[in-house]
Amino acid sequence: MARQYSQSDADARNRQLMEKVHGDLTAARRRIGAYALRTESVSVGVRREIVASRLPHHVWPGRMLRVVAVDVETAEHVVFDKHSGVDFVDAIAASCAVPGSWPTVPINGRTYMDGGIRSLTNADLAPTARCVIVIAPLGYADGNPVSGHLRAEVATLRASGTQVEVIVPDAASMDAMTDNVLDPSRCVPSAEAGLGQGARMAGQIAQVWNTGRTAP
């Protein structure tokens with residue numbers, strides 16, 4: 001069953017929220033955190049089972065993986081990885097705990113919500129690298145003043161000398177996802193559209209990646 005959600009409506013509410021807090025991002029995120037805490041959803045245990053069922057493995061991979069979550073009270077972000085001492089499933093559940101749709105996740109005495117409340121991409125948190133490829137399923141999200149900071153993130157990375165390539169959905173991918181990006185019935189059509197787009201872009205991305213990694 002699809003959860004009722006509209007990305008365009010969420011963006012509009014975020015614009016209204018930023019007006020109320022006079023552009024204070026921390027205040028906006030704290031309000032979102034309070035909303036997340038008081039909104040009824042499935043239990044944390046049920047949600048954890050859902051997340052676990054969708055993961056091929058329940059332990060941190062050997063290669064680097066970093067996931068972002070946001071503290072509902074302080075609005076500060078945290079980056080979890082295999083060195084954090086945090087259960088892998090809990091970290092993933094926290095990183096995608098969409099306020100109003102899924103429950104917040106308690107970890108080590110703090111409570112967390114979706115890392116997308118800080119940024120839909122968090123590209124600026126990428127470790128120092130010669131080349132960064134950003135896959136942004138929701139595009140640049142310029143209409144979302146709380147979380148749509150990709151242009152600034154790209155500028156920050158490039159200012160440090162990093163080569164950056166941004167991949168945003170093409171028309172077919174956008175049509176497949178629809179405005180309800182939380183609708184599970186769109187998973188297969190979205191994956192198929194994304195696979196098709198990826199195949200068409202493979203040569204271009206390979207060239208960027210290989211050039212960026214070998215540049216002096």
Side-chain angles (χ1 to χ4, degrees), residues 29 36 44-45 47-72 74-99 101-141 147-150 152-154 156-158 160-169 173 177 181-182 184 187-188 190-191 194-195 197-198 201-202 205-206 208-210 212-214:
R29 290 166 181 154
V44 176
R47 175 56 175 165
R48 190 182 191 281
E49 291 178 359
I50 293 172
V51 172
S53 71
R54 295 174 178 173
L55 294 171
H57 304 287
H58 295 165
V59 295
W60 287 96
R63 299 182 66 178
M64 181 187 296
L65 173 65
R66 308 171 84 213
V67 297
V68 183
V70 173
D71 189 304
V72 297
T74 67
E76 296 176 348
H77 74 276
V78 61
V79 180
F80 296 122
D81 61 20
K82 63 183 179 181
H83 303 296
S84 302
V86 172
D87 178 88
F88 179 63
V89 177
D90 288 341
I92 298 301
S95 74
C96 57
V98 179
S101 295
W102 298 116
T104 56
V105 177
I107 296 177
N108 295 336
R110 305 302 302 176
T111 305
Y112 296 96
M113 59 182 170
D114 194 331
I117 301 305
R118 175 189 184 269
S119 165
L120 293 172
T121 42
N122 289 299
D124 57 317
L125 298 180
T128 302
R130 291 178 177 175
C131 180
V132 171
I133 296 177
V134 183
I135 301 175
L138 297 181
Y140 282 92
S147 304
H149 308 300
L150 181 52
E153 293 165 7
V154 169
T156 297
L157 289 170
R158 286 176 174 162
S160 68
T162 299
Q163 181 176 352
V164 184
E165 181 76 10
V166 178
I167 301 173
V168 299
S173 294
M177 287 190 296
V181 296
L182 302 184
C187 288
V188 171
S190 297
L195 181 62
Q197 181 179 354
M201 298 183 66
I205 298 304
V208 170
W209 184 248
N210 292 329
R213 294 183 69 187
T214 57

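In this chain, numbering begins with 1 at the start of the sequence shown.
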Arg29 versus Ala75, closest heavy-atom pair with distance: CB-CB, 3.6 Å
Distance-minimising heavy-atom pair for Gly139 and Val168: CA-CG1, 3.8 Å
So Val105 and Thr111, side-chain contact (heavy atoms from CB on, under 4.5 Å) or not? Walk me through it. CA-CA 5 Å; Val105 177; Thr111 305; over 6 Å; no
Asp124 vs Arg118 side-chain heavy atoms within contact, under 4.5 Å: yes
Any Gln163 side-chain heavy atom under 4.5 Å of Val132 side chain: no
With distance as the sole test, does His58 use its side chain to make a donor-acceptor pair with the main-chain N or O of Ala52 at under 3.5 Å? yes
Please list, chain by chain and in numerical order, all residues satisfying side-chain contact (heavy atoms from CB on, under 4.5 Å) with Ala91, sequence neighbours excluded. Trp60, Val67, Phe80, Val86
Check this for me: Ile135, atom CD1, are more than 12 non-hydrogen atoms of other residues, nucleotides or ligands nearer than 6.0 Å? no
Do Val79 and Leu125 have side chains that approach each other closer than 4.5 Å (heavy atoms only, starting at C-beta)? yes
Are Tyr112 and Val72 packed together at the side-chain level, in the sense that at least one heavy-atom pair is separated by less than 4.5 angstrom? no
Please examine the side chains of Trp102 and Val51, heavy atoms only from C-beta on, and report whether any two atoms are closer than 4.5 Å. no
Are the side chain of Asp90 and the backbone of Ala93 linked by a donor-acceptor contact shorter than 3.5 Å? no
Do Thr162 and Arg130 have side chains that get closer than 4.5 Å, going by heavy atoms? no
Donor-acceptor pair, Ser190 side chain versus Cys187 backbone, under 3.5 Å? no
Among all residues two or more places apart in sequence or in another chain, which pass the side-chain hydrogen bond (donor to acceptor under 3.5 Å, both in side chains) test with Arg47? none
Indicate yes or no: at least one non-hydrogen side-chain atom of Val70 is less than 4.5 angstrom from one of Asp114. no
Applying side-chain hydrogen bond (donor to acceptor under 3.5 Å, both in side chains) to Thr128 and not counting sequence neighbours gives none
What is the minimum heavy-atom distance between Met177 and Pro137, and which atoms define it? CE-O, 3.2 Å
Quick one: which residue pairs count as a salt bridge (Lys or Arg N to Asp or Glu O under 4.0 Å) with a foot in residues 49-72, not counting sequence neighbours? Asp71-Arg110
Looking at every heavy atom in both Ser147 and Gly116, which two are closest together, and how far apart are they? OG-O, 2.6 Å
With sequence neighbours excluded, tell me which residues meet side-chain hydrogen bond (donor to acceptor under 3.5 Å, both in side chains) with Thr74. none
Within the structure provided, determine whether Ile167 and Ile133 are in side-chain contact (heavy-atom separation under 4.5 Å). yes
On a heavy-atom basis, which atom in Pro61 and which in Lys82 lie closest, and how many Å separate them? O-CD, 3.8 Å
Report the residues that fulfil side-chain hydrogen bond (donor to acceptor under 3.5 Å, both in side chains) with Glu153, sequence neighbours left out, ordered by chain and then residue number. Ser119, Thr121
